Every structure is written in C-alpha cells, then in structure tokens.
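Presented below is the structure to which this report refers.
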Number of protein chains: 2
Amino acid sequence: MRFETSTIKDIAKALGLSTSTVSRALRDRYEISEETKKLVLAYAEKVNYRANPIARSLKERRSYSIGIIVSEIANNFFSQVINGIESIAYDKDYHVIISQSHESYKQEKLNVEHLASRSIDGLLIALSSETQDIDYLRDLYAKGLPIVFFDRVPKDFETHKVIANNFKGSFDATEHLILSGKRTIAHLTNSENLSITKERLEGYKAALIKYHIEFRPELVKYCQHGGMHSAELEQAVKELLPLQPDGIFISSDRLTTGCIMALKKTNPEVAHKIAIAGFTNSNLVELFSPSLTSVKQPAFEMGQVATELLISMIEAKRPVTEFETKVLDTELVKKR
Amino acid sequence: MRFETSTIKDIAKALGLSTSTVSRALRDRYEISEETKKLVLAYAEKVNYRANPIARSLKERRSYSIGIIVSEIANNFFSQVINGIESIAYDKDYHVIISQSHESYKQEKLNVEHLASRSIDGLLIALSSETQDIDYLRDLYAKGLPIVFFDRVPKDFETHKVIANNFKGSFDATEHLILSGKRTIAHLTNSENLSITKERLEGYKAALIKYHIEFRPELVKYCQHGGMHSAELEQAVKELLPLQPDGIFISSDRLTTGCIMALKKTNPEVAHKIAIAGFTNSNLVELFSPSLTSVKQPAFEMGQVATELLISMIEAKRPVTEFETKVLDTELVKKR
DNA sequence: TACGTTTTTGGGAACGTTTGCACAGTTTTT
DNA sequence: AAAAACTGTGCAAACGTTCCCAAAAACGTA
C-alpha cells in the first residue's frame, strides 16, 4: 500500500530511542529492559504499528509464506487439501499463496518460478497431469527451497511426500464392484504420467487377480488432461461402451463426475445400468444420480500433514536428509 | 528464499557498470544507449537474472498483487469468480492472494488486515454473511487502498461494485416455479445482513405479486451462517415442511445443495415432490436428484469485471471519484 | 580551440527492517 | 581500588531495488 503507516523509525523518534532498540523491544529480546519494552509496546499499540513484512522479508531473505500448487481450486479434493494446509500454516504464522496449474505443465512451471521469486519459504505441490520433466523443481530444491509433494508425487525426487493409500483405495473400490456381481469392469483414469494413475491401476489389477478376472488392457482408458476437456471424456466413454462394461472404476475426482456426466449425456439409457465406483471428495455425492460408490481421500488431513512436514524442513537448523512418505488411508463410501 | 541468485549489483560488477545503469537498462529506459542495453540484457539472460519483487515492493511501496476475500474457495461460484480474477490479473502482471473468511467476520477482518500489511495494491472482496460493521474497510480505503466489492456488497460504501442481477434472477426462478403450477413457494435464504439476501427476497416477492400470490413471511427462512453448518439447514427445512410448500426457491449455492441434502436426509419421501429452484453455479447440477431449476451467475465474468475496475483504480493517476455498480445478468437453467 | 548541448553513465540515498559490534554505565570479582 | 563481567542502548551496515542529481563523454558549432 502506498499510504503512510507508522514505522519503527517513527516510534524510535517519538520515544527518543534508536531503531535497534525499538526493533529488539518489539521482538521481545532479552537485552532490552522490561521498562523500555513496556514503553515501546504501549506506544506501538497506540499508533497501531504493523511491522512491514516486505521489509522484513528483504532483510531476512524469507517471507513466512508458503506456496501451493494444485491443478485447480474448483475441485473438492484440492480445496479440502488447501483448507488443511491453511489450518496448520496460520497456526504457525505462515501465510499461503495458492496457484493453479490448470493441469498445464507450462503454467505450473511459470507459477512455481513466480512463487520462488517472491521468496516463498517452501513449496507444497501436486503435479499437473502434463508434467514429466521436474528438473526445474530439482534446481530450486538444490538452491535450497524446501519442497513437499502431495497426492501427485514424482518417483525419483528425494523429499517428503504425502499420499493417499491409492493402491488400497482402488483395490477396495474394485473389489466392491466385483462383490456386487460385476465382471467386466472398465477403468477410467488420468494421464499415465501421474503417480496416482500407476498406483490406482495396480490396485485395480490386484482386485481383478484376487477374483480371477482377466485384466483386459482395452478396458483401461487414460485421459491426458484429467478430464479438463469434456470432449476427451466423452471420447473415452464412447470407446468404452462397445465393450459393454457392467462396472467402471474411475480414478479421480474430476473424472468421476465428468464420466457420469458424459454417460448421461451420450447414453442416458445405459447410465443407470453401469455400476460406478470412483475417487471423489465431493460432498454432494449423495445427490448424484446415478448414485455411485466413492473412494474418499483424507484431503484435509493430507494438507495438514504435508504442511507440518514442510514447516519442519523450513525451520530445520541443518539440511534435512531423512525423508518420509506418509501414506494416508482412504475411505470407501458404498452406494446407497 | 534464502539462497543466492544474481542481483543487479552482480551484473553491474561483472560488466563494470553502475547499478543505476543496469537497473535502467533492464527497464529499457530511454537514457541508456542501445549498446549498453544489449550488453546488460544479454548478460542478465545468461545468468538467469530475476528481479527481486520483494526489494522492488519495498522501494516502490507497492507489490503488484491484489488480495481476494471470499467466504470459501470450495464453492463453485467463488472458485469460478477467482478464475475470472486470475485471468485478468495475470494478463496485467498482477499476482493474486486468496483468503477465505469461512463466513466469519473475525476471520474476514483478520485476513484483510494481513493482506493490507503485505502491501497489496488493491482488494476484491465479497463480504461474509456475518459482516455488519465494515468500518475497518473504510479505514483502509481512506488510507488509500483501492477496494472493489463483488457479489456481496455493502450499501453505503462509495466504490466500484459488481453484482449479479439478483432481483431478476430471483424473479425468474420464482416465476418459473409458479408457471409450473406451484402456489406455496418457500424461500430459503442467507443471512439478512447480505445485500444479495435483500435483493433476492425482492425478486421473489415481485414474482408472487405478479401472479397474485400472497406473500407469507413464515415461508421465508434465513440461515445466519449461509449453510456452513448443516444443523442450521436441517432446522430450517424442518420448520418449513409443516407449512407444506410445493416449491422452494433457494438463494445461494451452498444453501441450494445443502437444502436438497437436508431434504433427502430428513424427509426422503417428500424430497422428490417439492419443486426446487435455486442459485447455484455447480457444474454438477445435471447429476442431482431430485433435479432442480438453477439460477446461474456469470461468475467468471464477474471476476473479470471486478478485476478490471480494481486495476483501473490502482493505476489511476488521480483519486477516482466516479464509481460504477455493474450488474450482470443471471441465467435460468430449467429443470429437465 | 573553446564552448555549449546532448547523450550516457555513476554516486548515493532511500524504502523498513534486523543484527554485529561498540560503548557507556553498572555491578561483581579479586 | 582496580579489573572483569554484565546490562542496556546506539551506530551503522545490509537486504535488492529505484531514482534524483551530478558528472563525464561525445558531439556540434563558432
């Protein structure tokens, strides 16, 4: 803001002290006498002094803010993660800056670099579905920027990661479809680049194996853009239907809702005949028709855990070398 | 970030120039010879120089960032508005910082003040449902912080505002219910504090009047927390049902979905018998059961317009004194 | 050659903090 | 009584920019 507000200098002048004394008093340093502290604090209160975070950032070379990159905030899963992140960050006096990649690699890179130049102290990121090359993240990391990945994590990058138990979530959902009598279960999923895609595919396969159902690759459809384009989804559905699946297991929030939408739009007559199980954190699932079985991720908790890990890295005295990958359990909410 | 990156000083030293020259060359000022400019630019490129926005902010006393306050990002309407805001902001080289009030006055005030202290150049805000006292905003505004309100706007605050045509949206929705034969139409709405609540109530009333239907105050239920607490909603529904409405007109995104949820939960047998029309920007409306008629706000556009107005205020040479209130039309999407 | 212009560059202060170091005054130790 | 230690404060530099002002270089003209 370009309007006047009181500064340490002003306080110093008014009280006949030096800026250093005022600064130290405000930060409650031991060197300053109780008397002076009280004086300064009282006056600061009176003139409604607010420290200038910009100046502080410049001097300290850190900003007490952490960057978040998600593909989009208009996604139940991610907005819940963000709420989890905020809940911890604010507690520990960090501010958060949210950016959306819209599933675009270019946008993701641009945003990350912008955040980095704004002196964020750390980064929480779920990769875009397009992202394959994460060298730009490696560079930043090497230069000292703490990074914690969540949900969509890279394989060969040594740092903290927080993910859902995707294998088990998928296994459970697929098993549930099988147990309700389905035998031709399609799998609609995200870009092959993503970690979640691989893990969820494995869970799906494992459930098929357990019940001696043949895995048919043609029943698996990948969506490069994670369902951002409805044409992509409709195409996938169109290719799937001739194979006459009696169940579909879908591996992401956006794909799940998008797929039902596409089904209803293109083939309303079969929409209700196909059993659907899918990952989604929508809290409106109960309203959906056809209804579905959903795999819910502990989104809020994921945000919290990731943030705690990140802040521990930021505040670590010495470089962190032991990394953990936290795996959180999903919840299967069966169709009514 | 606390790691080394090249600065203007480094470039100056390397090239045997002064920092002033380098700074000017980088900003392409007329005083600098083409030759020097090329030299500097090439070297800057080579060492991957990035200007430090923090330093720039401190010096220029502005941050090229704008603050956004919404009640929550996990809301279709608001996340679409944010996308609209971003689309314009990025174009004009502004960064955005999003904060959530969670419909709490205290949180809203805290967030705004935090943003202000971070030197945002302007503020875009939709008031929380609890907010009645906006003096803190007046203070900031008086000190020179440009503010543009959208969606939920205060009455007596002279600045730009962007709203939907709430009156017409409500009128249309209510009329639609009437035309499909409903006569006992309840109205479920937000906190009375909000501008949108008043405007939408007027539209509802006007439609009743047009068709000579008596307005019955007991059919109107207010939710103080805008549906953030499901108990509140269930209570409202519980009080409404004995009056045997054959239609309900609901005045906000969260309330609309929440109400259907509450209806299904508490009275599944009547849920499908009551016709519902409500404001919502959910793109999943087609999946809902019972299905409903929805009033869609031009959220993305609202974000764009508000941002353009804000940036025009920020960049105005002299204080702006002529303010506009832009009203954007809603769209009625009839139940299938 | 000397001068005035114009063009290009550099010096240095400022933005609001934090912090290492020095220093004065007081208290403790020997 | 002198030396040592501790307390509380101030000076000044630094963070990376921008920009006012002055100075130097280049050019033109008499």
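Letters A, B, ... are given to chains in the order of the sequence lines, protein chains preceding strands, and every chain is numbered from 1. Quick caveat, the model's predicted, so the values are computed rather than measured.
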Is the NZ or CZ atom of B:Arg62 both under 6.0 Å from the centre of the six-membered ring of B:Tyr64 and within 45° of that ring's axis? yes
Between A:Asn52 and B:Val22, the residue closer to the 5' end of DNA chain C by nearest nucleotide is B:Val22
Quick one: on DNA chain D, does B:Leu58 or B:Thr21 contact a more 5' nucleotide (nearest heavy atom)? B:Leu58
Distance-only donor-acceptor test (3.5 Å): side chain A:Thr36, base D:dG8: no
Check whether any side-chain nitrogen or oxygen of A:Arg61 sits under 4.0 Å from OP1 or OP2 of D:dG16, and answer yes or no. yes
How many Å lie between CZ on B:Arg24 and C1' on C:dG12, as a whole number? 12 Å
Assess whether one donor atom and one acceptor atom, taken from the side chain of B:Lys59 and the base of D:dT18, lie less than 3.5 Å apart. yes
Could you tell me how far apart B:Leu17 (CG) and D:dA24 (C1') are, to the nearest whole angstrom? 14 Å
Length of the CD1-P vector between B:Ile8 and C:dG11, whole Å: 15 Å
Salt-bridge present (B:Asp10, B:Lys13; N to O < 4.0 Å): no
Grab the OH-P distance between B:Tyr64 and D:dG16 for me, whole Å please. 19 Å
Could you give the CZ-to-C1' distance, from B:Arg27 to D:dG16, as a whole number of Å? 12 Å
Does D:dT17 have its OP1 or OP2 closer than 4.0 Å to a side-chain nitrogen or oxygen of B:Tyr49? yes
Can a donor-acceptor pair be found between the side chains of A:Thr21 and A:Ser18 at a distance below 3.5 Å? yes
Tell me whether the centres of the aromatic rings in A:Tyr141 and A:Phe157 are closer together than 6.0 Å. yes
How many Å lie between CG on B:Asp10 and C1' on D:dA14, as a whole number? 14 Å
Classify the nucleic acid contact of B:Ser33 as base, sugar-phosphate or nothing, counting any heavy atom under 4.0 Å across all strands shown. sugar-phosphate
Using only side-chain N and O atoms of B:Thr7, determine if any of them is under 4.0 Å from OP1 or OP2 of D:dG16. no
d(CD1, A:Ile11; P, C:dT17) in whole Å: 8 Å
Roughly, in whole Å, what's the span from CZ in B:Arg29 to P in D:dT18? 8 Å
How are the rings of A:His114 and B:His95 set relative to one another: parallel (under 30°), tilted (30 to 60°) or perpendicular (over 60°)? tilted
Hey, which of these two, B:Glu31 or B:Ser23, hits DNA chain D nearer its 5' end, going by closest nucleotide? B:Ser23
With nearest nucleotide decided by heavy atoms, which residue, A:Leu26 or B:Ser20, maps closer to the 5′ end of DNA chain C? B:Ser20
